[in-house]
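Have a look at the structure below, then the notes.
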2 protein chains.
Amino acid sequence: MATIKDVAKLAQVSTATVSRVLNGNGYVHSETKQRVAVAIKELNYRPNDVARNLFKGRSKTIALFVPDIMNPYFPELARAVEDVAQKEEYTFILCNTDDDLEKERKYLEALTQKSLDGLVIVSSTMISEYIKEFNIPVVALDRILYEGVPSVTVNNFEGAQEAVKYLKEIGCKKIAHLAGPQDVRNAEQRRGGYMSEVEQESWFQSSLVERGGYGIEEAMASTTRLLKAHPDIDGLFAANDLMAVGAIKACETLGINIPDQLSIVGFDGIMLGKTTSPSLTTMAQPIYDIGTAAVEMLIQQIRDPDLLIDMKEFQVKLVERGSTIRKEEVT
Amino acid sequence: MATIKDVAKLAQVSTATVSRVLNGNGYVHSETKQRVAVAIKELNYRPNDVARNLFKGRSKTIALFVPDIMNPYFPELARAVEDVAQKEEYTFILCNTDDDLEKERKYLEALTQKSLDGLVIVSSTMISEYIKEFNIPVVALDRILYEGVPSVTVNNFEGAQEAVKYLKEIGCKKIAHLAGPQDVRNAEQRRGGYMSEVEQESWFQSSLVERGGYGIEEAMASTTRLLKAHPDIDGLFAANDLMAVGAIKACETLGINIPDQLSIVGFDGIMLGKTTSPSLTTMAQPIYDIGTAAVEMLIQQIRDPDLLIDMKEFQVKLVERGSTIRKEEVT
DNA sequence: TTGTAGGCGTTATCAG
DNA sequence: CTGATAACGCCTACAA
């Protein structure tokens with residue numbers, strides 16, 4: 001690998017001059033600039049970023065922390081973040097945290113040593129103390145960490161309300177909820193939205209809410225329990241699409257026809273919902289846009305660290321597909 | 001951030017000594033070692049990796065090039081690569097190349113400037129010249145690049161043969177093939193496997209092979225065309241799971257019952273195949289293991305650059321699910 | 001067993 | 001307009 005010295009020697013100038021033409025700083029006679037340019041081309045010289053980073057103390061690198069890239073929600077997010085990073089000439093590091101505080105800490109420590117510039121993080125575990133300690137620009141995504149960290153989220157509460165309203169409107173008379181993990185903020189918000197819509201209903205009982213993890217298998221079990229206890233449920237709102245898919249699978253096994261006997265609405269709008277049979281009606285998040293917004297916010301923070309904290313909230317949108325159907329009015 | 005100098009000062013030794021205890025090099029009196037250790041703890045000192053990398057010329061960083069992380073095959077792969085990287089204390093960089101040669105080149109250039117240590121690459125476009133030029137350890141994954149690059153693959157040809165044999169065995173009398181892109185090596189191998197099994201059959205016609213991209217939508221169109229032209233097809237082998245899912249969706253629209261009227265077998269074993277209705281019979285790849293093997297091979301290359309080229313081939317395995325059914329013998 | 005000094009490749013400052 | 005030179009933080013001969 002050629003270094004700046006080689007270029008300087010070949011062009012018969014000092015390294016300082018080469019550096020100047022490289023960065024477009026200071027004055028350089030156009031003729032010497034030419035000579036340098038030629039030398040650079042000649043040697044196929046590329047500046048060493050590591051040396052640069054050492055000098056500057058930053059690395060033009062950002063990381064994305066997700067619980068698990070295999071969860072279908074995250075690839076689209078990762079894609080968005082990577083696209084922007086690439087466009088802005090940042091290197092993109094991906095970390096799977098498994099929502100494990102210890103793993104998060106390790107990653108952060110390792111990356112700090114590499115002068116990481118910033119971090120987009122999806123986490124329900126990461127605590128303020130840690131982040132503050134590392135003193136690095138952060139944007140929280142999907143789930144708010146704590147006051148004082150810029151974040152990008154969606155209107156979980158209202159989205160959930162809308163989902164339930166929709167189920168009511170198409171004629172559901174008894175609507176259950178598959179709730180997500182208690183320690184995940186957005187899951188609680190969605191449950192809150194559901195509750196606010198059904199609490200006053202005469203048919204409501206607390207046993208219509210079934211708790212579980214954010215996964216397919218668990219949701220299948222939950223759904224089965226739910227339908228055994230309440231065979232007359234005709235509407236189901238799942239806290240995320242994965243759970244909704246689990247519900248669909250469970251109903252397939254139980255011989256319950258969707259949407260005729262039971263209408264199901266999910267949350268997230270992941271691709272998976274398009275390929276099930278029936279395909280899944282869902283409250284879709286603009287996942288790609290969320291990711292884009294998050295990095296852009298992050299890069300702003302990096303450029304101007306004492307920018308005021310920004311919070312952006314996206315709106316979810318009802319996407320009607322095959323898992324719900326409007327009941328015929330029986331007047 | 002505390003530096004090695006701060007530690008040296010506090011421990012009343014030279015930076016050389018601190019460096020020695022840090023790296024376990026050379027002799028250091030156990031007592032001074034203690035003092036240094038205390039100072040390190042005291043200052044919460046962490047060595048600056050950028051400076052280290054500058055000195056050493058390597059960065060403890062590896063990258064994974066995939067066409068698009070949103071393609072359901074890749075998250076599992078990425079997870080595997082990242083897991084090993086993390087375990088071996090490498091930083092993991094993810095790049096979406098869109099199978100675009102120019103993008104690949106840009107990434108490679110940028111990463112080379114950052115002293116990338118090695119690269120796992122899934123690509124049908126990347127050409128030998130480029131890689132050689134950058135002179136960096138590489139492991140090709142899923143699709144072989146060219147002779148002389150270590151690679152990890154699966155037995156595409158035999159796997160495809162097995163899929164077709166299986167369809168025959170369960171009683172299919174006319175088996176079509178949804179072939180993948182012509183410029184993707186593994187797609188051609190799978191087509192080859194199919195051909196070798198059907199060429200001799202009296203019912204075979206070349207129009208039973210329908211070409212298309214590796215995506216759902218295209219496959220829906222191809223399937224529809226295929227079934228219009230040959231309504232009597234009772235078996236279908238798709239070059240990958242995504243296409244198979246497309247085929248299932250198309251049949252749903254066409255009112256063709258799967259598996260009763262048509263048995264479908266995919267290739268890859270992605271999670272998506274579990275959630276369709278019916279669920280997808282497929283030739284499953286050990287995706288996670290493949291990823292693991294690739295990085296491990298890469299790290300070996302990094303440690304010992306003039307190791308002999310290694311090629312590893314994994315076996316695909318038939319996973320029977322709902323999209324195929326054994327026909328009753330009519331004797 | 002420990003310290004000194006030079007260098008990894010760049011950039012910014014300060015003279016000239 | 002250009003060239004020395006001192007950092008950035010760390011590591012490894014070479015001396016002592």
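Just so we're on the same page: letters track the sequence lines, and every chain starts at 1.
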Point to revise | Pair A:E88 + A:R303: basic N to acidic O under 4.0 Å | key: yes
Review point. With distance as the sole criterion, do the side chain of A:R20 and the base of D:dG3 form a donor-acceptor contact below 3.5 Å?
Key: yes
Check your understanding: Can you tell me how far C1' of C:dG9 sits from CG of A:D49, to the nearest Å?
Key -> 11 Å
Practice item. Indicate, with a heavy-atom threshold strictly under 4.0 Å, whether A:V13 touches base, sugar-phosphate, or nothing. Key: sugar-phosphate
Practice item. Run the salt-bridge test on A:R79 and B:D68 with the 4.0 Å N-O cut-off and return the result as yes or no. Key: yes
Exercise for review: Please lay out, stage by stage, how A:N44 and A:R46 fare under the test side-chain contact (heavy atoms from CB on, under 4.5 Å).
Suggested key: CA-CA 7 Å; A:N44 190 27; A:R46 295 280 173 277; 3.5 Å; yes
Check your understanding: OP1 or OP2 of C:dT10 less than 4.0 angstrom from a side-chain nitrogen or oxygen of A:Y45, does that happen here?
Key -> yes
Check your understanding: Just checking A:N25: base, sugar-phosphate only, or nothing, at a heavy-atom cut-off of under 4.0 Å?
Key -> sugar-phosphate
Review point. B:S14 side chain N/O closer than 4.0 Å to the phosphate oxygens (OP1, OP2) of C:dT2?
Key: no
Check your understanding: Can you find a side chain N or O atom of B:T3 that sits less than 4.0 Å from OP1 or OP2 on D:dC8?
Key -> no
Point to revise | Between C1' of C:dT1 and CD of B:E31, the distance in whole Å | key: 12 Å
Review point. For A:R52 and C:dG9, is the shortest distance between a side-chain N/O and OP1 or OP2 below 4.0 Å?
Key: no
Practice item. Give one of base, sugar-phosphate or nothing for A:V50, where a contact means two heavy atoms less than 4.0 Å apart. Key: nothing
Point to revise | Rounded interatomic separation in angstrom, taking CG from A:L54 and P from C:dA12 | key: 13 Å
Exercise for review: Would you mind classifying the nucleic acid contact of A:R46 as base, sugar-phosphate or nothing, using non-hydrogen atoms under 4.0 angstrom?
Suggested key: sugar-phosphate
**Study point:** Presence of B:N48 side-chain N/O under 4.0 Å of D:dC8 phosphate oxygens OP1/OP2
**Key:** no
Check your understanding: Is the shortest side-chain N to carboxylate O distance from A:E109 to A:R105 below 4.0 Å?
Key -> yes
Review point. CD1 of B:I4 versus P of D:dG9: gap in Å, rounded?
Key: 11 Å
Review point. On DNA chain D, nearest-nucleotide positions of A:K33 versus B:P47: which is more 5'?
Key: A:K33
Point to revise | Rounded distance in Å - CE (B:M1) to C1' (D:dC10) | key: 14 Å
Practice item. Rounded off to whole Å, could you give me the CZ-to-P distance for the A:F55 and C:dT13 pair? Key: 8 Å
Check your understanding: Can you tell me how far C1' of C:dG9 sits from CG of A:L43, to the nearest Å?
Key -> 15 Å
Point to revise | Any donor-acceptor pair under 3.5 Å from B:T17 side chain to B:V13 backbone | key: no
Check your understanding: Within the structure shown, what part of the strands sits under 4.0 Å from B:N53 by heavy-atom distance: base, sugar-phosphate, or nothing?
Key -> nothing
Practice item. Answer yes or no: does a side-chain N or O of A:K5 lie under 4.0 Å from OP1 or OP2 of C:dC8? Key: yes
Point to revise | Toward the 5' end of DNA chain C, by each residue's nearest nucleotide, A:S19 or B:Q12 | key: B:Q12
Review point. Which atoms form the tightest heavy-atom contact between A:R35 and A:A11, and what is the distance?
Key: NE-O, 2.9 Å
**Study point:** Protein-nucleotide distance (B:R35, atom CZ; C:dT2, atom C1'), rounded to Å
**Key:** 11 Å
